[in-house]
Amino acid sequence: MLEIKYIRQNISQVRDAMNRRGDAANIDTFEEIDNEYRKILNEIEQLRHRRNVVSDEIATMKANKENADPLISEMREVASRIKALEAGLSGYEEKIQEILFSLPNIPHESVPFGKDENDNPVVRSVGTPVSFDFEVLPHWTIGENLGILDFERAAKITGARFPLYFGAGARLERALISFMIDLHVNIHGYTETLPPFIVNSRSMTFTGQLPKFAEDLFKLEGRDYYLIPTAEVPVTNIHQQEILDESLLPIYYVAYTPCFRSEAGSYGKDTRGLIRQHQFNKVELVKFTIPEASYQELESLLKNAEAVLKLLELPYRTVLLCTGDMGFASAKTYDIEVWMPAQNRYREISSCSNFESFQARRGGIRFKRKGEKGTQLVHTLNGSGLAVGRTVAAILENGQQADGSVVIPEALRPYMGGLQKIEKLKA
RNA sequence: GGAGAGAUGGCCGAGUCGGCUGAAGGCGCUCGCCUGCUAAGCGAGUGUGGGGGGAAACUUCCACCGAGGGUUCGAAUCCCUCUCUCUCCGCCA
């Protein structure tokens with residue numbers, strides 16, 4: 001959410017920014033409604049002032065045993081007038097709230113203008129895709145052949161887009177989670193957290209999933225509870241409505257959680273394999289920082305996420321999302337894309353964003369500087385470090401051998417009980 | 001699930017015949033003074049959001065005592081609903 005004061009004072013810049021993101025419709029109605037709102041509010045405040053003054057007079061008159069009846073009957077009318085105006089005002093208030101909640105963040109100046117993912121510049125490419133001298137198989141085939149992935153049975157249990165792992169596959173998923181968390185905790189200095197996997201609508205609103213993207217979420221029937229689509233939601237909300245001491249910042253959290261997404265509107269996309277599931281595991285990095293440090297923190301966050309791929313020896317590239325491809329709440333986002341041999345292209349495996357004060361404003365996450373009065377909003381950042389299911393897919397495809405086995409990256413072997421390659425389970 | 005208690009400012013904590021309480025007091029914090037020694041003392045200041053005025057320091061008005069309604073000329077104080085927290089009992093991984 002943007003600051004209403006900022007919008008009022010910089011209406012043309014905001015309109016410009018919304019245009020760059022491809023939607024400025026709300027800004028025009030905002031100006032109109034806001035003016036009307038302030039007009040009414042002004043009238044109400046004058047009446048309230050009058051009421052406050054006269055109520056005091058009534059109090060003193062009563063104390064002096066004087067007759068205050070005329071004033072009281074006058075105030076009776078003032079009160080009903082106020083009530084009527086307030087009823088009208090709340091409509092405008094709601095409308096303004098609605099617009100504020102629907103406005104995306106303003107892109108940082110370093111974000112290139114663009115329409116969609118084709119306009120995302122590549123920042124760097126690391127590692128070289130291996131060339132195979134046999135027919136490259138997609139990870140779902142590899143996994144099914146090895147007996148470690150079973151989408152058919154998963155569909156029986158639940159439905160489409162759910163994973164079921166066996167044996168070394170299940171172990172691989174678990175190993176990756178531990179490996180990633182250990183790396184981020186021991187080497188990168190993050191604090192491990194294990195948050196709730198279900199959150200209320202307030203938390204969803206603070207991080208930006210609600211009210212605009214409700215259709216992407218799974219909601220629990222009859223309750224104000226949602227399954228989290230990412231650990232970003234519960235972890236960022238750890239500090240909602242708090243005033244943090246400056247000395248605590250920056251705060252780094254790493255959290256493993258399953259993620260649940262309805263994937264509405266993506267029918268037909270990535271129907272096979274682990275790429276697009278209703279439930280997947282992810283290790284997420286979240287930072288809270290002072291404003292002036294947030295962009296350098298974004299760079300280090302990105303490096304932290306990339307480090308996972310480097311250690312797993314998976315080829316990847318990093319792209320900077322253009323204005324038209326960025327997420328709603330983000331001011332700047334890098335995507336990390338891993339090489340998927342069977343698809344012969346790079347696929348997103350991490351997304352690292354700086355939200356600046358967008359989430360902090362919604363969630364009331366502030367900090368206090370020593371020696372200064374007042375509080376300031378923190379900047380929040382997060383990034384996947386990494387999406388685990390997609391990492392499994394990448395390992396299966398990049399590590400596949402002619403005989404159908406899959407070589408496990410060396411860094412991961414200690415987490416696999418020393419296993420070097422995954423071979424077909426005995427039937 | 002049953003029975004109670006409670007939600008006030010950064011923190012602790014007053015505040016029930018509704019009216020100079022935006023909120024006593026304490027702690028913490030900031031600035032200044034004092035003090036020659038990591039302490040103590042003294043003075044002042046110290047919530048958030050919004051509207052208006054001012055270049056600014058600042059000033060003025062409105063709102064906010066868990067949330068939302070209601071009663072009233074007037075509510076932190078009375079009534080209703082909800083949420084959350086805590087204690088005891090039961091149940092349970």
Side-chain angles (χ1 to χ4, degrees), chain A residues 1-11 30-97 99-101 194-206 210 220 222-226 234 237-249 251 288 290 357-358 360-378:
Chain A
M1 186 164 62
L2 304 174
E3 187 182 10
I4 191 163
K5 211 189 296 181
Y6 177 84
I7 302 175
R8 283 171 179 154
Q9 289 166 358
N10 304 280
I11 190 86
F30 171 83
E31 202 172 12
E32 206 178 298
I33 291 168
D34 188 49
N35 282 334
E36 193 58 29
Y37 165 79
R38 289 162 74 175
K39 218 172 82 188
I40 297 172
L41 184 64
N42 202 283
E43 194 178 343
I44 290 176
E45 290 197 342
Q46 282 178 21
L47 287 171
R48 282 176 180 162
H49 178 56
R50 170 95 184 125
R51 182 182 66 187
N52 288 344
V53 171
V54 176
S55 289
D56 276 354
E57 284 174 20
I58 292 171
T60 46
M61 286 175 82
K62 287 210 162 182
N64 296 334
K65 306 257 198 263
E66 295 173 45
N67 178 16
D69 291 351
L71 281 180
I72 288 178
S73 63
E74 183 201 336
M75 282 307 102
R76 211 166 270 155
E77 277 172 43
V78 171
S80 69
R81 175 99 185 108
I82 290 175
K83 194 171 271 185
L85 284 171
E86 280 175 342
L89 190 73
S90 65
Y92 286 98
E93 236 163 20
E94 279 166 30
K95 188 70 191 155
I96 289 172
Q97 262 314 304
I99 293 174
L100 284 180
F101 275 135
L194 188 55
F197 302 159
I198 296 174
V199 301
N200 58 33
S201 60
R202 205 161 73 124
S203 293
M204 285 291 190
T205 303
F206 287 165
L210 291 177
L220 298 198
R223 312 203 55 158
D224 183 38
Y225 285 170
Y226 295 82
N237 274 289
I238 287 174
H239 294 298
Q240 66 161 262
Q241 307 293 344
E242 288 187 18
I243 297 173
L244 303 166
D245 195 293
E246 186 187 11
S247 64
L248 295 172
L249 301 173
I251 295 172
F288 300 80
I290 56 175
S357 57
F358 190 89
R361 180 169 299 108
R362 291 180 169 218
I365 311 172
R366 296 169 293 170
F367 74 101
K368 184 163 170 37
R369 287 189 205 269
K370 207 170 168 59
E372 281 181 28
K373 64 175 179 180
T375 56
Q376 246 183 305
L377 296 168
V378 302

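Chain naming here is simple, since letters A, B, ... match the order of the sequence lines and numbering starts at 1 in each. Because the structure is predicted, anything quoted here is derived from the model rather than measured.
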Original post:
Is the phosphate of B/C62, meaning OP1 or OP2, less than 4.0 Å from a side-chain N or O of A/H49?
Top reply: yes
**OP:** Using the P atom as the reference point in each nucleotide, state the distance between B/A63 and B/C20 in Å, no decimals.
**Re:** 14 Å
Subject >> Span that lies between the P atom of B/C58 and that of B/C65, in whole angstrom >> reply: 26 Å
**OP:** Could you check whether A/D56 gets within reach of a base, just the sugar-phosphate, or nothing at all, counting any heavy atom under 4.0 Å?
**Re:** nothing
Original post:
Among B/C62, B/G51, B/C73, which is the nearest nucleotide to the side chain of A/N42?
Top reply: B/G51
Original post:
When we call it a touch if two heavy atoms are under 4.0 Å apart, what does A/L71 touch: a base, just sugar-phosphate, or nothing?
Top reply: nothing
Original post:
Now, which nucleotide makes the Watson-Crick or G-U wobble pair with B/G36, with each of the two distances under 3.5 Å?
Top reply: none
**OP:** Say whether, by atom type as modelled, one donor and one acceptor occur between the side chain of A/N10 and the main chain of A/Y6 under 3.5 angstrom.
**Re:** yes
Original post:
Atom OH of A/Y225 to atom P of B/U83: distance rounded to whole Å?
Top reply: 10 Å
Subject >> Any A/I11 side-chain heavy atom under 4.5 Å of A/F30 side chain >> reply: yes
Subject >> Rounded distance in Å between the P positions of B/U46 and B/A57 >> reply: 16 Å
**OP:** Just name whichever nucleotide pairs with B/A57, Watson-Crick or G-U, keeping both distances under 3.5 Å, else none.
**Re:** none
Subject >> A/R223 side chain near B/U83 phosphate (N/O to OP1/OP2, under 4.0 Å) >> reply: no
Original post:
Would A/K95 and A/E32 pass as an ion pair if we require N to O under 4.0 Å?
Top reply: no
Original post:
Hey, does A/K39 reach any base, or is it just sugar-phosphate, or nothing, if we go heavy atoms under 4.0 Å?
Top reply: nothing
Subject >> Rounded distance in Å - CG (A/L41) to P (B/C64) >> reply: 13 Å
Subject >> Shortest non-hydrogen separation from A/M61 to A/N67 and the atoms involved >> reply: CE-O, 3.2 Å
Subject >> Spacing between A/I44 atom CD1 and B/C62 atom P, to the nearest angstrom >> reply: 14 Å
Subject >> Closest nucleotide among B/G74, B/U71, B/C62 to the A/E45 side chain >> reply: B/C62
Original post:
Could you state the CD-P distance from A/Q376 to B/U48, rounded to the nearest angstrom?
Top reply: 12 Å
**OP:** In sequence, state the C-alpha distance, the side-chain angles, and the governing distance for A/K39 and A/E36, and then conclude on salt bridge (Lys or Arg N to Asp or Glu O under 4.0 Å).
**Re:** CA-CA 5 Å; A/K39 218 172 82 188; A/E36 193 58 29; 3.8 Å; yes
Subject >> Spacing of the C1' atoms in B/A5 and B/C92 (rounded, Å) >> reply: 25 Å
**OP:** Nearest-nucleotide wise, let me know which of A/R366 and A/M75 is further upstream toward the 5' end of RNA chain B.
**Re:** A/R366
Original post:
In whole angstrom, what separates A/R76's CZ from B/U71's C1'?
Top reply: 13 Å
**OP:** Report the nucleotide, chosen from B/U71, B/G19, B/C62, that has the shortest atom-to-atom distance to any side-chain atom of A/S55.
**Re:** B/G19
Subject >> Pair partner, B/C27 [Watson-Crick or wobble, under 3.5 Å] >> reply: B/G10
Subject >> Minimal non-hydrogen separation, A/A360 against A/V378, with atom names >> reply: CB-O, 3.2 Å
Original post:
Is it true that the side chains of A/N42 and A/Q46 contain a donor and an acceptor less than 3.5 Å apart?
Top reply: yes
Original post:
A/E86 CD to B/C62 P: how many Å, rounded?
Top reply: 14 Å
Original post:
With a non-hydrogen cut-off below 4.0 angstrom, is A/R361 in contact with a base, only sugar-phosphate, or nothing?
Top reply: nothing
Original post:
Is A/R8 touching bases, backbone alone, or none of the nucleic acid, heavy atoms closer than 4.0 Å?
Top reply: sugar-phosphate
Original post:
Among B/G50, B/G51, B/C62, which is the nearest nucleotide to the side chain of A/R38?
Top reply: B/G51
Original post:
Within the pair A/N52 and B/C20, is there a side-chain N or O less than 4.0 Å away from OP1 or OP2?
Top reply: no
Original post:
In whole angstrom, what separates A/F367's CZ from B/U48's P?
Top reply: 14 Å
Subject >> B/U77 pairs with, by Watson-Crick or G-U criteria that keep both distances under 3.5 Å >> reply: none
**OP:** Take atom P in B/A44 and the same atom in B/C37, then report the distance between them in whole Å.
**Re:** 26 Å
Subject >> Euclidean distance for P, B/C27 against B/U83 (whole angstrom) >> reply: 39 Å
Subject >> Closest listed nucleotide, where the reference is the side chain of A/I243 and the choices are B/A63, B/G10, B/G19 >> reply: B/G10
Original post:
Can you tell me how far P in B/G18 sits from the matching atom in B/G13, rounded to whole Å?
Top reply: 26 Å
Original post:
Rounding to a whole Å, what distance do you find between A/E3:CD and B/G50:C1'?
Top reply: 11 Å
**OP:** Using both distances under 3.5 Å as the test, list the Watson-Crick or G-U wobble partner of B/G47, or none.
**Re:** B/C64
Original post:
With rounding to whole Å, what would you report as the distance between B/G10 and B/G1 at their C1' atoms?
Top reply: 39 Å
Original post:
Watson-Crick or G-U wobble partner for B/C86, using a 3.5 Å limit on both distances?
Top reply: B/G4
Original post:
When all nucleic acid strands are considered with a 4.0 Å heavy-atom cut-off, which category describes A/K62: base, sugar-phosphate, or nothing?
Top reply: base
Subject >> A/S55 versus A/R51, side-chain donor and acceptor atoms under 3.5 Å >> reply: no
